[in-house]
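Read through the structure below, which is laid out as structure tokens, and then see the notes.
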Amino acid sequence: MKYMIFVIDVPGNTGNPDEMTAIDAFNDSLEAEGHWVTAAGIAEAGRATVIDNRSDAGVVQTGSIQTTGEHYSGFWIIDAADDEQAHALAMAGSKACNRKVELRPYLR
């Protein structure tokens, strides 16, 4: 099964060198153990654009739908045998990046 691990952050909290080293090591372990699908950092919420073109509405809104100080700053898509393994990998990811994470099953 595939899962998404979203990294939860606050504005201006860029990763320090120790965190980046830990994240690289975590990524390497995901790859070595066959759990790696992909991962990336994403721009801060202020650089988001919400687009609603249902029924050709053409609505474009600058900024994120998230209005609290917390936002997603990155993600992993992982392959795990079951929820228990996905939880364990999310715990390791949270420790590596030194941030809260949100785990969700990846639906197709």
Side-chain angles (χ1 to χ4, degrees):
M1 294 180 60
K2 289 186 177 40
Y3 296 82
M4 288 195 75
I5 301 171
F6 295 96
V7 179
I8 301 169
D9 215 336
V10 294
N13 189 29
T14 57
N16 66 47
D18 290 339
E19 291 167 344
M20 298 310 294
T21 299
I23 291 167
D24 287 343
F26 177 64
N27 290 344
D28 290 345
S29 72
L30 287 174
E31 202 161 4
E33 296 168 12
H35 301 297
W36 176 268
V37 176
T38 193
I42 56 175
E44 68 275 2
R47 292 185 54 198
T49 304
V50 177
I51 298 169
D52 184 357
N53 201 32
R54 295 174 290 176
S55 300
D56 295 319
V59 177
V60 178
Q61 173 188 332
T62 302
S64 175
I65 61 167
Q66 295 177 314
T67 57
T68 66
E70 293 183 320
H71 63 274
Y72 296 134
S73 63
F75 65 90
W76 286 278
I77 298 178
I78 60 168
D79 223 342
D82 52 32
D83 288 348
E84 184 177 332
Q85 186 176 54
H87 282 242
L89 292 168
M91 292 289 277
S94 174
K95 184 175 181 177
C97 69
N98 195 33
R99 284 157 181 73
K100 294 190 295 185
V101 300
E102 179 179 326
L103 176 67
R104 294 190 199 182
Y106 187 89
L107 305 176
R108 288 190 198 208

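Computed over heavy atoms, backbone and side chain alike; hydrogens, waters and symmetry mates excluded.
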As an exercise, state the distance from CD of E19 to SG of C97, rounded to the nearest 0.5 Å. 7.5 Å
Do you know the tightest heavy-atom contact between L89 and A80? CD1-CB, 4.3 Å
I8 side chain near Y72 side chain, heavy-atom distance below 4.5 Å: yes
Could you tell me whether the side chain of Y3 and the main chain of D83 form a donor-acceptor pair under 3.5 Å? yes
hydrophobic_cluster_shared for M1 and F6, side chain cutoff 4.5 Å: no
When every non-hydrogen atom of Q85 is compared with those of D82, the smallest separation belongs to N-OD1, 2.9 Å
CE on M4 to CG on L107, rounded to 0.5 Å: 11.0 Å
Rounded to the nearest 0.5 Å, what separation is found between the CD1 atom of I42 and the NE2 atom of H71? 7.5 Å
Tabulate below the donor-acceptor pairs under 3.5 Å that side-chain atoms of residues 20-36 make, not counting sequence neighbours, or state none.
| residue | atom | partner | partner atom | Å |
| --- | --- | --- | --- | --- |
| T21 | OG1 | P17 | O | 3.0 |
| N27 | OD1 | W76 | NE1 | 2.6 |
| S29 | OG | F26 | O | 2.7 |
| H35 | ND1 | D79 | O | 2.7 |

Please round to the nearest 0.5 Å and tell me the distance separating atom CG of N16 and atom CG of N98. 7.5 Å
Rounded at 0.5 Å granularity, tell me how far CD1 in I77 sits from NZ in K2. 9.0 Å
May I have the step-by-step check of side chain to side chain contact (heavy atoms under 4.5 Å, CB included) for Y106 and I78, ending in yes or no? CA-CA 9 Å; Y106 187 89; I78 60 168; over 6 Å; no
Listing request: all salt bridge (charged side-chain N to carboxylate O under 4.0 Å, His left out) pairs with a residue in residues 56-71, at least two apart in sequence or in separate chains. E70-K100
So how far is it from H87 NE2 to I5 CD1, rounded to the nearest 0.5 Å? 10.0 Å
Under the side-chain contact (heavy atoms from CB on, under 4.5 Å) test, which residues partner N13, sequence neighbours left out? D9, V10, R99
